[in-house]
Amino acid sequence: MSDSLLARHKAVMPDWLSLYYQEPIEIVSGSGRHVTDADGNTYLDFFAGILTNAIGYDIDEISDAIRRRVDTGVLHTSTLYLIRQQVELAERIAELSGLRDPKVFFTNSGTEANETALMLATQKRRSNQVLALRNSYHGRAFATLAVTGNRGWSATSLSPVKVSYVHGGYRYRSPFSGLSDADYIAACVDDLREVIETTTAGDVACMIAEPIQGVGGFATPPDGLLGAFAEVLDEYGILLISDEVQTGWGRTGEHFWGIQAHGVTPDAMTFAKGLGNGLAIGGVVAESALMDDIGANSISTFGGNPVSTGGAHAALEYLLAHDLQGNAAKLGSQLLQGLRAHDSALIGDVRGKGLMIGVELVVPGGKTPAPEAAARVMELAKQRGLLIGKGGLHGNVLRLAPPMTLTETEAAHALQVLTETVSQAEQELFSS
């Protein structure tokens, strides 16, 4: 069955639409933190649909909210009409945002959300100049590809914006990597100022930054870096957009929004993924002076539809009621400690926060990326019933981001599988 579906996939889907594993799987059902494929194999899911199934699978409170909406017979109306579920969710997000006088606009994805934020900022500042971080990823549309600082995901050099990239997000391979936190931040701030002074006309619209770089391999800068950047940005009137598509909703454990680790309130935040627990929803929350500064008509045909916003509101309330942020902090700490304690020359770096952990694999004896090792660990983990992700500039970083309802027993099991498979891959690939 899987072979047949794979052949059909290759016949009608783009060649660049990549699939995990030598033998890709079709997931057909799920419960809790586990999923089952079409061949009846069950796995502990430690990637959650790229951090999207944040609550897990088959959650009654969320499923019931969706069913209630479906039972009305009206799945869609468009934003030309009042949508109660949209307003209620926007009110809750505005309350949680910490922004001054916030307003919310809903989209269908993180890509759309970032496109919207870039439109708002460039319109407000009447400039198409944008600052972004090296190794970043912000989406697959025209402007979001342009501000993506990761060669592996840059499909085109054409761009509607003029982008200048700065150091800071990816510390492990930075030229400043050997510095203390304070000196690292100072060096990156100096770089930011020099980039503004030498590569721009001065009137830059915004900086867009991920508090933890998702596709970039969960690269985690020192706390306070973006706050230090903001002090420089304020001197030039440059807006700050925090891309919270992967870091939002408490996944980092210590904070509800990733930007809060940096001691600064941005002008706008974008979100998606975990909010809908699998439903297609994203959006922007921004100060009203920024959000309302559009002089043309605009709507969102599908963004903020009653099914997605109703289900997302139920997911958000479930997350808050069950303190999943606290659970992410507790179990994430256990996983980080266990992985850092594992004695393997294959592991170059273990980083992240909460249930957002990256394990960078290198050729033993140095820092040369080992993408083949990451691929092998993924296959070995799958054989043992654990699904994980990978990413990073060189494709050599294991990405761990399970549903935030993860239990201690499941975390301990995943840690055992991970350490054993890393050791096995090291022995297979590099033992002489």
Side-chain angles (χ1 to χ4, degrees), residues 52 54-55 59 61-72 74-110 112-114 116-117 119-120 124 239-251 255-260 265-294 298-326 404:
T52 298
I55 315 298
I59 307 299
E61 290 86 340
I62 302 172
S63 298
D64 289 346
I66 297 169
R67 290 189 190 99
R68 284 194 297 271
R69 190 64 239 173
V70 172
D71 287 345
T72 68
V74 180
L75 304 184
H76 169 73
T77 61
S78 92
T79 53
L80 292 171
Y81 303 94
L82 288 171
I83 302 172
R84 183 175 301 274
Q85 293 78 11
Q86 182 187 62
V87 173
E88 291 173 345
L89 179 57
E91 289 172 337
R92 195 66 163 118
I93 292 172
E95 175 189 355
L96 293 165
S97 72
L99 272 61
R100 298 173 290 272
D101 188 27
K103 288 191 175 182
V104 181
F105 177 78
F106 290 110
T107 65
N108 300 289
S109 67
E112 263 191 73
N114 285 332
T116 302
M119 179 190 68
L120 293 171
K124 182 72 174 179
L239 303 174
L240 176 60
I241 299 168
S242 183
D243 180 343
E244 300 278 351
V245 170
Q246 298 197 27
T247 51
W249 320 115
R251 177 164 284 280
H255 297 292
F256 195 72
W257 305 103
I259 192 70
Q260 291 172 320
T265 300
D267 298 284
M269 295 188 294
T270 58
F271 56 83
K273 290 196 182 291
L275 174 62
N277 198 49
L279 293 167
I281 187 169
V284 182
V285 55
E287 296 179 4
S288 59
L290 175 58
M291 185 70 82
D292 289 339
D293 195 31
I294 296 292
S298 191
I299 63 169
S300 182
T301 301
F302 292 108
N305 71 78
V307 177
S308 291
T309 49
H313 198 177
L316 179 56
E317 294 304 331
Y318 186 98
L319 184 150
L320 294 167
H322 292 81
D323 188 23
L324 298 191
Q325 178 181 332
M404 294 165 61

Problem set entry | Nearest-0.5 Å distance that lies between atom CG in Leu316 and atom CG in Leu89 | 6.5 Å
Exercise. Stepwise, does the side-chain contact (heavy atoms from CB on, under 4.5 Å) test hold for Met404 with Arg251?
Worked result: CA-CA 7 Å; Met404 294 165 61; Arg251 177 164 284 280; 3.8 Å; yes
Exercise. Would a distance-only check, ignoring hydrogens and angles, find a side-chain to backbone donor-acceptor pair under 3.5 Å from Ser308 to Ala280?
Worked result: yes
Seminar exercise, completed: Residues Ala289 and Asp293: closest non-hydrogen pair is O-CB, 3.5 Å
Exercise. Quick check: are there more than 12 heavy atoms from other residues, nucleotides or ligands sitting under 6.0 Å from CD1 of Ile299?
Worked result: yes
Exercise. Are the side chain of Thr116 and the backbone of Glu112 linked by a donor-acceptor contact shorter than 3.5 Å?
Worked result: yes
Seminar exercise, completed: So CG of Asn305 and CG of Leu75: to nearest 0.5 Å the spacing works out to 8.0 Å
Exercise. Between Asp101 (side chain) and Glu287 (backbone), is there a donor-acceptor pair under 3.5 Å?
Worked result: no
Exercise. From Ser300 OG over to Phe106 CZ, what is the distance, rounded to the nearest 0.5 angstrom?
Worked result: 10.5 Å
Exercise. Hey, mind stepping through Leu320 and Leu96 against side-chain contact (heavy atoms from CB on, under 4.5 Å) and telling me if it holds?
Worked result: CA-CA 11 Å; Leu320 294 167; Leu96 293 165; 4.1 Å; yes
For this session: For the pair Asp64 and Arg67, find out whether any cationic side-chain nitrogen is under 4.0 Å from an anionic carboxylate oxygen.
Result: yes
Exercise. Excluding sequence neighbours, so at least two apart, what forms ring pair (Phe, Tyr, Trp, His ring centres under 6.0 Å) with Phe271?
Worked result: Trp249
Exercise. For Ala117 and Val284, which heavy atoms make the closest approach, and how far apart are they?
Worked result: N-CG2, 4.1 Å
Seminar exercise, completed: So CE of Met119 and NZ of Lys124: to nearest 0.5 Å the spacing works out to 13.5 Å
For this session: Among residues two or more places apart or on two chains, list those pairs meeting side chain to side chain donor-acceptor pair (under 3.5 Å) that have a residue in residues 86-99.
Result: Arg92-Glu95, Arg92-Glu317
Seminar exercise, completed: For Met291 and Phe105 the tightest heavy-atom approach is CE-N, 3.7 Å
Problem set entry | Any donor-acceptor N/O pair, Asp267 side chain to Leu239 backbone, under 3.5 Å | no
For this session: Step by step, work out the side-chain contact (heavy atoms from CB on, under 4.5 Å) result for Lys103 and Leu290.
Result: CA-CA 9 Å; Lys103 288 191 175 182; Leu290 175 58; over 6 Å; no
Exercise. Is Glu244 reaching over with its side chain to a backbone N or O of Gly258, donor-acceptor style, under 3.5 angstrom?
Worked result: yes
For this session: Please check if the side chain of Ser78 supplies one atom and the backbone of Leu80 the other of a donor-acceptor pair under 3.5 Å.
Result: yes
For this session: State, to 0.1 Å, how close Gln85 and Thr309 come at their nearest heavy-atom pair, and which atoms those are.
Result: CB-OG1, 3.3 Å
For this session: Apply the test side-chain contact (heavy atoms from CB on, under 4.5 Å) to residues Arg69 and Val74: give CA-CA distance (whole Å), side-chain angles for both, the deciding distance (0.1 Å), then the verdict.
Result: CA-CA 7 Å; Arg69 190 64 239 173; Val74 180; 3.8 Å; yes
Problem set entry | Euclidean distance, Ile83 CD1 relative to Tyr81 OH, rounded to 0.5 Å | 10.5 Å
Exercise. Shortest non-hydrogen contact from Ile259 to Ser242?
Worked result: CB-OG, 3.5 Å
For this session: Working to the nearest 0.5 Å, report the span between CD1 of Ile59 and CG of Leu319.
Result: 11.5 Å
Seminar exercise, completed: Looking only at heavy atoms, the pair that brings Val285 and Pro102 closest together is CG2-CB, 3.8 Å
